[in-house]
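Residue indices begin at 1 and follow the sequence shown.
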Amino acid sequence: LWETHKVDIPPALGILAVLAVLVCLLLAYLLRLRRARIGLRESEERLQTSLEATSDGLWDWSLDGDKVYFSPGYFTMLGYEPDAFPPACESWYGLLHPDERDAVVEVVDAHVHSGEEFRLEFRLRNKGGGWTWVMARGKTIDWTRDGRPLRVVGTHTDINDRKLFEERLVRAKEAAEAANRVKDEFIANISHEVRTPLNGVMGMLQLLQTSGLNDEQRNFVDTALHSSGNLLRVLNDLLDFSKIQAGKLDIREAPFDLAGLVEESLGFFKLQAGGKDLEMKADIDPAARKYYLGDAGRIRQILFNLVGNAVKFTDQGAIAVEVWELWHP
């Protein structure tokens, strides 16, 4: 423009224009700096508000000089007044529980030098002389040019209530397990103690069946023997249940006649079914009428449960047990 129109601008005017431009740039920079400071202050206020709301303590560890900034919440979390101990790593080290000190320091040191975020739970000594459980989170955020960690920041969260609750749960679990063991021992002992005289009663009833009884007396003996058998089955079930809980249930393998086992189980409930005018029958596939290898006692218990429930909850009609092979070589 100057060359085209040959306009001469006085040197003083040019200097003023440059100064005006510099002033504008300076004002723009100061405005941006002011906005940045406002934003930083707002961020710090939000961070402080968040820490106060969550009862977390903030720490900022400068490895160059081993200085540590502890936020006010860090002190109050443990019952101390702000700035109650020096801003140094040694202060934190001195608060650590002796049983956990070496392990915690080792883990923190490894994570600090690897740059990985760490999360630990440990106890710190509070002002009252007791111990407060805290959860520490931290990460290295600044490094020197030669790769050495320079600055680590993180938080401490009070987890004392959670830890106490977990300890109560553990104690309650141990107490429940102890009570369960006592219960199992009691059931096992009482089952053995009751089963011995019950077997004697059943033996006498079976002998009485062979004596000269009239029909009414035989019916009484049969009913007593049947009831004794039901009681013996309940005792066996209790004993087996205790063994299952203790992980000591033994499964025996021996040849047994499946058809005979089914018919025996049905015969056990004939009196009950007859009292309700229920027909009982077994439909056994000819291919299944053979010997199998297994625990006949456990299978008998399953059949007793199935047939017993069928008799209990059936008011009319019939009860049938069907047996067939699903597969055979």
Side-chain angles (χ1 to χ4, degrees), residues 184-185 187-211 213 218-329:
D184 292 341
E185 292 173 0
I187 290 176
N189 291 333
I190 199 68
S191 297
H192 285 295
E193 293 298 329
V194 174
R195 191 162 49 177
T196 299
L198 182 60
N199 284 328
V201 171
M202 293 180 67
M204 293 299 101
L205 289 173
Q206 290 170 347
L207 289 175
L208 189 59
Q209 281 181 320
T210 62
S211 63
L213 301 175
R218 184 174 300 278
N219 184 54
F220 291 159
V221 172
D222 289 343
T223 301
L225 189 60
H226 178 73
S227 299
S228 300
N230 285 338
L231 179 57
L232 181 61
R233 180 169 59 86
V234 171
L235 292 173
N236 289 333
D237 289 344
L238 284 174
L239 187 59
D240 289 343
F241 182 72
S242 299
K243 288 182 178 180
I244 290 173
Q245 288 187 319
K248 298 180 180 179
L249 181 63
D250 297 325
I251 302 296
R252 300 182 180 87
E253 287 192 353
F256 67 93
D257 178 16
L258 179 59
L261 193 60
V262 172
E263 292 168 355
E264 174 191 344
S265 301
L266 288 177
F268 191 83
F269 292 96
K270 276 187 177 179
L271 286 176
Q272 290 186 20
K276 301 175 70 174
D277 292 329
L278 297 175
E279 180 186 358
M280 300 190 71
K281 57 184 179 179
D283 185 4
I284 303 174
D285 184 4
R289 289 185 175 272
K290 57 185 178 182
Y291 280 83
Y292 292 87
L293 187 64
D295 193 328
R298 306 301 170 204
I299 297 175
R300 183 183 292 107
Q301 286 181 334
I302 294 173
L303 288 170
F304 276 16
N305 288 335
L306 293 174
V307 177
N309 286 334
V311 173
K312 180 178 179 180
F313 295 106
T314 303
D315 295 327
Q316 59 183 359
I319 296 172
V321 177
E322 299 179 356
V323 182
W324 65 90
E325 280 191 336
L326 296 178
W327 175 87
H328 61 84

A282 to L266 - nearest heavy-atom pair and separation: CB-CD1, 3.5 Å

Does anything in residues 305-314 form a salt bridge (Lys or Arg N to Asp or Glu O under 4.0 Å)? List the pairs, not counting sequence neighbours. none

Which value, rounded to the nearest 0.5 Å, describes the distance between S228 atom OG and M204 atom CE? 12.5 Å

Taking only distance into account, with no hydrogens and no angle test, what donor-acceptor pairs under 3.5 Å do side-chain atoms of residues 256-265 form with protein atoms, sequence neighbours excluded?
unit_1 : atom_1 : unit_2 : atom_2 : d
D257   : OD1    : A259   : N      : 3.4
D257   : OD2    : G260   : N      : 3.4
E264   : OE2    : R300   : NE     : 3.3
S265   : OG     : L261   : O      : 2.9

From I319 CD1 over to T314 OG1, what is the distance, rounded to the nearest 0.5 angstrom? 4.5 Å

side-chain contact (heavy atoms from CB on, under 4.5 Å) between D277 and Q316, intermediate numbers included: CA-CA 7 Å; D277 292 329; Q316 59 183 359; over 6 Å; no

Tell me, please, which residues at least two apart from L293 pass side chain to side chain contact (heavy atoms under 4.5 Å, CB included). E253, P255

Name all residues meeting the side chain to side chain donor-acceptor pair (under 3.5 Å) criterion together with Y292; count only those two or more places apart in sequence or in a different chain, and write none if there are none. E325

Among residues at least two apart in sequence or on other chains, which ones pass side chain to side chain contact (heavy atoms under 4.5 Å, CB included) with K270? none

Residue pairs passing the salt bridge (Lys or Arg N to Asp or Glu O under 4.0 Å) test with at least one member in residues 279-288, sequence neighbours excluded, are none

Contacts of Q209 meeting side chain to side chain donor-acceptor pair (under 3.5 Å) (sequence neighbours excluded), chain-then-number -> D222

Does K276 have any salt bridge (charged side-chain N to carboxylate O under 4.0 Å, His left out) partners at least two apart in sequence or in another chain, and if so, which? D315

Who pairs with L213 by side chain to side chain contact (heavy atoms under 4.5 Å, CB included), at least two apart in sequence or on another chain? L208, S211, Q217, R218, V221

Looking only at non-hydrogen atoms, find the nearest pair between F269 and F304 and report the distance. CZ-O, 3.5 Å

